[in-house]
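I have placed the structure first, in the form of structure tokens, so that the comments after it can refer back to it.
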There are 2 protein chains.
Amino acid sequence: MNDAITHFKVPMNEGSACLGPDGSVAHVGRVLGMLSGRWKLPILFRLFASPSMRSSQFLREMSSISQKVLTQHLRDVEADGLVERRDFHEQPPHVEYRLTRAGHELMPVLLAVREYSRSHPTAGQG
Amino acid sequence: MNDAITHFKVPMNEGSACLGPDGSVAHVGRVLGMLSGRWKLPILFRLFASPSMRSSQFLREMSSISQKVLTQHLRDVEADGLVERRDFHEQPPHVEYRLTRAGHELMPVLLAVREYSRSHPTAGQG
DNA sequence: CAGCATCCCTCTGGATACTG
DNA sequence: CAGTATCCAGAGGGATGCTG
């Protein structure tokens with residue numbers, strides 16, 4: 001049930017606001033915050049693989065996610081400008097989700113993170 | 001009290017294990033997991049700025065962090081191979097923390113994330 | 001100074017039921 | 001099909017007190 005938990009938070013006050021060159025902590029923290037949520041990554045990558053996705057499709061492919069959480073996460077990434085929600089106003093309901101430009105541009109960054117991970121299986125312990 | 005929360009988790013099972021080219025979700029999730037924790041970033045960046053840091057110094061500079069959490073996070077990043085703990089076995093106690101090679105190598109990635117953030121103030125909503 | 005143990009509170013996520 | 005409202009359980013973080 002708990003695959004890989006990751007609780008992340010950021011202060012961005014303290015002296016931390018000036019930690020990096022100009023607020024690296026705050027910036028990185030914001031992005032990590034947008035990725036916070038058990039299914040944010042799966043959702044983003046799925047959208048990266050498919051031009052558009054429907055709620056039911058997400059539910060079907062990520063079988064263990066609840067609809068409430070899916071909607072919640074979808075709303076989050078939408079609010080963060082990563083995903084765009086398009087309602088076709090049909091009956092029965094037809095809604096599609098797509099990556100926005102910002103969402104697409106985030107992928108290279110995530111892939112860079114992935115490369116880091118691949119280069120450091122156990123974090124590099126060296 | 002709550003500056004920027006970020007709850008993040010990853011499934012890495014489901015079909016999600018194959019989401020990206022070969023498990024992008026799992027890889028990215030792992031890294032984000034290592035950065036999960038309200039003070040992980042501040043700690044890492046502080047260490048990036050200073051060759052070494054002592055507990056008391058962290059406590060002093062990140063005034064609102066509790067010692068319990070500091071130790072907890074320090075243990076986490078140490079376990080993840082990002083930070084190295086060096087005990088001088090002195091009296092009074094003298095312990096120093098430094099970024100490991102893996103820790104240093106993570107920084108460029110974090111800076112890339114920061115750049116993304118700088119380029120997308122509101123996530124780019126375009 | 002560095003670290004551990006305890007109690008408590010909040011946030012997030014999951015299960016379920018219901019609406020349009 | 002898409003989404004909302006409740007209730008509930010678990011993880012993480014904060015405050016405080018104590019040890020070597």
Side-chain angles (χ1 to χ4, degrees), chain A residues 1-11 13-14 16 29 32-43 52-79 83-97, chain B residues 1-11 13-14 16 29 32-43 52-79 83-97:
Chain A
M1 299 316 171
N2 67 356
D3 319 89
I5 274 53
T6 327
H7 207 88
F8 164 63
K9 302 173 181 181
V10 179
N13 44 359
E14 309 297 313
S16 61
L32 264 59
M34 306 193 307
L35 300 174
S36 289
R38 184 162 185 168
W39 303 89
K40 290 287 179 64
L41 252 28
I43 290 175
S52 75
M53 289 285 287
R54 298 183 60 169
S55 299
S56 57
Q57 205 169 343
F58 276 120
L59 252 17
R60 203 183 318 287
E61 299 184 33
M62 311 193 292
S63 53
S64 63
I65 189 178
S66 67
Q67 196 176 57
K68 170 198 160 187
V69 175
L70 172 63
T71 301
Q72 181 63 60
H73 285 191
L74 249 17
R75 292 280 176 276
D76 288 345
V77 290
E78 185 189 4
V83 170
E84 177 189 10
R85 187 192 120 114
R86 183 177 180 185
D87 189 335
F88 288 75
H89 298 295
E90 297 177 357
Q91 199 57 233
H94 181 178
V95 177
E96 288 187 8
Y97 294 88
Chain B
M1 299 314 172
N2 66 355
D3 320 88
I5 273 52
T6 327
H7 206 86
F8 165 61
K9 302 172 181 181
V10 178
N13 44 1
E14 309 297 314
S16 60
L32 264 58
M34 307 193 305
L35 300 174
S36 288
R38 184 163 184 168
W39 302 90
K40 289 287 179 63
L41 252 27
I43 289 174
S52 76
M53 290 284 289
R54 297 183 60 169
S55 299
S56 57
Q57 205 169 344
F58 276 120
L59 252 17
R60 205 183 316 287
E61 300 183 33
M62 311 191 294
S63 54
S64 63
I65 188 179
S66 67
Q67 196 177 58
K68 169 197 161 187
V69 175
L70 173 63
T71 300
Q72 181 63 59
H73 285 191
L74 249 18
R75 293 279 177 276
D76 288 346
V77 289
E78 186 189 3
V83 170
E84 177 190 9
R85 188 192 119 113
R86 184 177 180 187
D87 189 335
F88 288 75
H89 298 296
E90 297 177 358
Q91 201 55 237
H94 181 177
V95 176
E96 287 187 7
Y97 295 89

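A quick note: this is a predicted structure, and the numbers were derived from the prediction, not measured. Each chain gets a letter, A, B and so on, in the order its sequence line appears, and its residues count up from 1.
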- Message: Please report the distance, rounded to the nearest Å, between CZ in B/Phe58 and C1' in C/dA2.
- Response: 13 Å
- Task: Would you mind reading off the distance between A/Glu90 atom CD and C/dG20 atom C1', rounded to a whole angstrom?
- Result: 16 Å
- For A/Glu96, enumerate each residue passing the side chain to side chain donor-acceptor pair (under 3.5 Å) test, keeping only those at least two apart in sequence or located in another chain. A/Ser52, A/His94
- Item | For atom CD of A/Gln67 and atom P of C/dC18, their distance in whole Å | 15 Å
- Item | Listed nucleotide nearest any side-chain atom of B/Thr71, set C/dC4, D/dT4, C/dG14 | C/dC4
- Distance-minimising heavy-atom pair for A/Leu70 and A/Met62: CD1-CE, 4.3 Å
- Message: Tell me the interatomic distance from B/Arg75, atom CZ, to C/dC4, atom C1', rounded to whole angstroms.
- Response: 10 Å
- Task: Please report, rounded to the nearest Å, how far the P atom of D/dT4 is from the CG atom of A/Leu70.
- Result: 11 Å
- Compare the minimum distances between each of D/dC1, D/dG20, D/dT4 and the side chain of A/Pro92, then state the nucleotide with the smallest one. D/dC1
- Task: Grab the CD-C1' distance between A/Gln57 and D/dC1 for me, whole Å please.
- Result: 13 Å
- Query: So what does A/Gln72 touch, heavy atoms closer than 4.0 Å: a base, only the sugar-phosphate, or nothing?
  - Reply: nothing
- Note on the structure: From the candidates C/dC4, C/dG14, D/dG13, the one with an atom nearest any side-chain atom of B/Arg38 is D/dG13
- Message: Of the options C/dG20, C/dA15, D/dG20, whose atoms approach the side-chain atoms of A/Lys68 most closely?
- Response: C/dA15
- Message: When you measure from the side-chain N and O atoms of A/Ser56 to the phosphate of D/dA2, is any distance below 4.0 Å, counting only OP1 and OP2?
- Response: yes
- For the pair made of CE in A/Met53 and P in D/dA2, what is the distance, rounded to whole Å? 10 Å
- Query: Does D/dG13 have OP1 or OP2 sitting under 4.0 Å from an N or O in the side chain of B/His73?
  - Reply: yes
- Query: Relative to the 5' end of DNA chain C, which residue comes earlier, B/Glu96 or A/Ser66, by the nucleotide with the nearest heavy atom?
  - Reply: B/Glu96
- Item | Which nucleotide in C/dC1, D/dA15, D/dA2 has an atom nearest any side-chain atom of A/Val95 | D/dA2
- Query: If you take all heavy atoms of A/Arg54 and A/Pro93, which pair is closest and at what distance?
  - Reply: NH2-O, 3.2 Å
- Message: Quick check for you: among C/dG14, D/dC1, C/dG13, whose closest atom lies nearest to any side-chain atom of A/Arg54?
- Response: D/dC1
- Query: When rounded to the nearest 0.5 angstrom, what is the spacing between CD1 in B/Ile65 and CZ in B/Arg60?
  - Reply: 14.0 Å
- May I ask you to say what A/Tyr97 touches in the nucleic acid, namely base, sugar-phosphate or nothing, with a heavy-atom cut-off under 4.0 Å? sugar-phosphate
- Query: Given C/dG14, is OP1 or OP2 found less than 4.0 Å from the side-chain N or O atoms of A/Trp39?
  - Reply: yes
- Pairs involving residues 65-75 of chain A, ordered by first then second residue, that meet side-chain hydrogen bond (donor to acceptor under 3.5 Å, both in side chains) (sequence neighbours left out): A/Gln72-A/Asp76
- Task: Round to a whole Å and report the spacing from CD1 of A/Ile65 to C1' of D/dA2.
- Result: 14 Å
